[in-house]
Visitor: 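First the structure, then my questions, so here it is.
If you read the sequence from its start, that first residue is 1, and numbering goes on from there. In this text the structure is predicted, and so the values were computed from the model without any measurement.
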Amino acid sequence: MAPDAKQRELLYVSDDATYDVYVFAYPQGKLVGTLTGFSAPGGLCSDSKGDVFIPNSLGSTILEYAHGGASPIATFNDRPGAYPGSCDVNPMTGKLTVANTGSGNPNWPGDIAIFPAPSGTPLFYKAMGHPYSCAYDPEGNLFVDGEDAAFDNFAFGELKAQGKRYHKVALSQPISLAGGVAWDGTSVAVGDVYNAVIYRFSIGGSKGNLNGSTPLSGAVATWQFDLDRGRIVVPSSNPQDQSASAILKYNYPSGGAALKAFGAGIVSDPVGATVSRPR
């Protein structure tokens, strides 16, 4: 890690081909460090302190790194056999929340894990068969997307703040493959992996009404993204030509042509991103 990394804003990007997490100076896009030793790192998240959480999907753990740190400061142990795919931190409680993807075996569906602390036993909540991404709004309501138990259909739902049960939400816009989820300040943003678009929804009860869309020109496969002060940072994976994979930055919510592209020749199959700021 570069000596001055702890004093800079950073963008962390997970790579499903190399199993590494690349750290870029943000918004400049210069590589300042590489974190290694993971087993399929997934979607990333960070908290108000700048700490970064990295789901270790094939290791059933989530590793916490201090901003700019080169070694983990804590390890969250998920249930045995869990596949932690992405995460978010509850802004009301500071608790780490993880979307566990199912194994494909109907006897081992996915779920949502909420950790009271690194050493604590998480609480588990049933959701769709395969949760992929999750995000909180400022009131502590959790939104989750994924696929059904057969990997056939998109699914979306919500776990209310202080709630005990996940409930399904029908979105007014069809989505072919669940991508990232984020709260943008007024709406829930949901990505469609292969259609290079982010849709924005207002959620009311069991319905989600489309508010607008953000086209991502030039993007190919977009799993997770991060929103940052009127910008959206999107890892774009190119399965046909990994040398063309890159990190793209767009205006949000207008989208269109990318404002900046970086990371080409470094990332191969980028699947997650989070912006981390120094304390």
Visitor: Going by the rule side chain to side chain donor-acceptor pair (under 3.5 Å), which residues pair with S243 if we only count those two or more places apart in sequence or in a different chain?
Guide: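 In terms of side chain to side chain donor-acceptor pair (under 3.5 Å), with neighbours along the sequence ignored, S243 is linked to D241.
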Visitor: Less than 4.5 Å apart, side chain to side chain, heavy atoms only: is that true for F201 and S187?
Guide: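 Not in contact.
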Visitor: Has Q224 got a side-chain atom pairing as donor or acceptor with A273's backbone, closer than 3.5 angstrom?
Guide: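 A pair under 3.5 Å: yes.
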Visitor: Please lay out, stage by stage, how F262 and L11 fare under the test side-chain contact (heavy atoms from CB on, under 4.5 Å).
Guide: CA-CA 11 Å; F262 58 93; L11 175 70; 3.6 Å; yes
Visitor: Please name the pair of heavy atoms, one in P41 and one in D20, separated by the smallest distance, quoted to 0.1 Å.
Guide: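 Where P41 meets D20 most closely, the heavy atoms are CG-O, 3.9 Å.
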Visitor: Using the six-membered ring wherever Trp is involved, compare the ring planes of H130 and F151 and label them parallel, tilted or perpendicular (cut-offs 30° and 60°).
Guide: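 Judged by the thresholds at 30° and 60°, the geometry between H130 and F151 is parallel.
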Visitor: Looking at G50, is its backbone amide N or carbonyl O close enough to the side chain of S276 to form a donor-acceptor pair, meaning the two atoms are under 3.5 Å apart?
Guide: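 The answer is yes, because a donor-acceptor pair under 3.5 Å joins these two groups.
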Visitor: Is K249 positioned over the aromatic face of Y26, cation under 6.0 angstrom from the ring centre and no more than 45 degrees off axis?
Guide: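 Yes, K249 sits over the ring of Y26.
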Visitor: Looking at CZ of F156 and OG of S206, how far apart are the two atoms once the value is rounded to the nearest 0.5 Å?
Guide: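 These two atoms lie 12.0 Å from each other.
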Visitor: Does the side chain of S202 pick up a donor-acceptor pair with the side chain of N209 at under 3.5 Å?
Guide: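 No pair is found: no donor N or O on one side chain lies under 3.5 Å from an acceptor on the other.
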Visitor: Contact between I198 and Y250 at the side-chain level, heavy atoms closer than 4.5 Å - yes or no?
Guide: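 No, too far: nothing below the 4.5 Å cut-off.
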Visitor: Report the distance from atom CZ of F154 to atom OH of Y132, rounding to the nearest 0.5 Å.
Guide: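 These two atoms lie 11.0 Å from each other.
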Visitor: Identify the heavy atoms of S268 and S245 that sit nearest to each other, and give their distance.
Guide: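 Minimum heavy-atom contact is O-OG, 2.9 Å.
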Visitor: When you compare the side chain of S237 with that of V271, does any pair of heavy atoms fall below 4.5 Å?
Guide: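 Not in contact.
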Visitor: Establish whether Y199 and V188 are linked, either directly or via other cluster members, by ILVMFWY side-chain heavy-atom contacts under 4.5 Å.
Guide: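 Y199 and V188: one cluster.
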Visitor: Closer than 3.5 angstrom, by distance alone: can the side chain of N251 be matched with the main-chain N or O of S254 as a donor-acceptor pair?
Guide: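 Side chain of N251 to backbone of S254: no pair is present.
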Visitor: Just checking, any donor-acceptor pair under 3.5 angstrom between side chains of T274 and S46?
Guide: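 T274 vs S46: donor-acceptor pair found between side chains.
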Visitor: List the atom of K49, the atom of R279, and the distance in Å for their closest heavy-atom pair.
Guide: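 Residues K49 and R279, closest heavy atoms: O-CG, 3.0 Å.
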Visitor: If we ignore hydrogens and angles and just use 3.5 Å, is the side chain of N56 paired with the main-chain N or O of T61 as donor and acceptor?
Guide: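 No, because the side chain of N56 does not come within donor-acceptor range (under 3.5 Å) of the backbone of T61.
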Visitor: Considering only heavy atoms from C-beta outward, does the side chain of V267 approach that of F24 to under 4.5 Å?
Guide: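 In contact.
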Visitor: Where is the tightest heavy-atom contact between L96 and V89, given as atom of each residue plus distance?
Guide: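 So the minimum-distance heavy-atom pair works out to CD1-CG2, 4.3 Å.
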Visitor: Could you walk me through whether D88 and W183 pass side-chain contact (heavy atoms from CB on, under 4.5 Å), step by step?
Guide: CA-CA 11 Å; D88 199 14; W183 175 256; over 6 Å; no
Visitor: Between P278 and Q7, is there a side-chain heavy-atom distance shorter than 4.5 Å?
Guide: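 Of all side-chain heavy-atom pairs linking P278 with Q7, none is under 4.5 Å.
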Visitor: Is any side-chain heavy atom of Y22 closer than 4.5 Å to one of I247?
Guide: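 No, too far: nothing below the 4.5 Å cut-off.
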Visitor: Under 6.0 Å from the CZ atom of R165, do we count more than 12 heavy atoms belonging to anything else shown?
Guide: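 Check fails, neighbour count at 12 or below.
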Visitor: Is the gap between the SG atoms of C87 and C45 under 2.5 Å?
Guide: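 Yes, disulfide present: SG-SG under 2.5 Å.
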Visitor: Do you know which two heavy atoms are closest between S39 and Y19, and how far apart they sit?
Guide: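 Residues S39 and Y19, closest heavy atoms: CA-CD2, 3.9 Å.
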Visitor: Check whether any side-chain heavy atom of P131 lies under 4.5 Å from a side-chain heavy atom of I112, and answer yes or no.
Guide: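 Result yes, sub-4.5 Å side-chain heavy-atom pair found.
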Visitor: Pair E147, T101 - check side-chain contact (heavy atoms from CB on, under 4.5 Å), show working.
Guide: CA-CA 9 Å; E147 292 188 292; T101 302; over 6 Å; no
Visitor: Counting N and O atoms only, with roles assigned by atom type, does the side chain of D137 sit under 3.5 Å from a partner on the main chain of E139, one being a donor and the other an acceptor?
Guide: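 Answer holds: yes.
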Visitor: Above 12 or not: heavy atoms from other molecules or residues under 6.0 Å from NZ of K207?
Guide: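 Not more than 12 within 6.0 Å, no.
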Visitor: Among T186, T214, N211, find the residue that satisfies the side chain to side chain donor-acceptor pair (under 3.5 Å) test when tested with R200.
Guide: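 In the set T186, T214, N211, the residue that makes a side chain to side chain donor-acceptor pair (under 3.5 Å) with R200 is T214.
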Visitor: Determine whether I203 and L171 make a side-chain contact, defined as any pair of heavy atoms from C-beta on separated by less than 4.5 Å.
Guide: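 They are in contact (side-chain heavy atoms under 4.5 Å apart), so the answer is yes.
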Visitor: Looking only at heavy atoms, which two atoms of L44 and S14 are closest? And how far apart?
Guide: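 Scanning both residues, the minimum pair turns out to be CD1-N, 3.8 Å.
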Visitor: Go through the side-chain N and O atoms of D192 and S176 and say whether any donor and acceptor fall under 3.5 Å apart.
Guide: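 A pair is found: one side chain offers a donor N or O, the other an acceptor, under 3.5 Å apart.
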Visitor: Of the options D111, I114, V144, which is the one that meets Y125 in a side-chain contact (heavy atoms from CB on, under 4.5 Å)?
Guide: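 For Y125, the side-chain contact (heavy atoms from CB on, under 4.5 Å) check succeeds only for I114.
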Visitor: Where do E158 and H167 land on the side-chain contact (heavy atoms from CB on, under 4.5 Å) test, with the steps shown first?
Guide: CA-CA 6 Å; E158 179 181 6; H167 71 271; 3.6 Å; yes
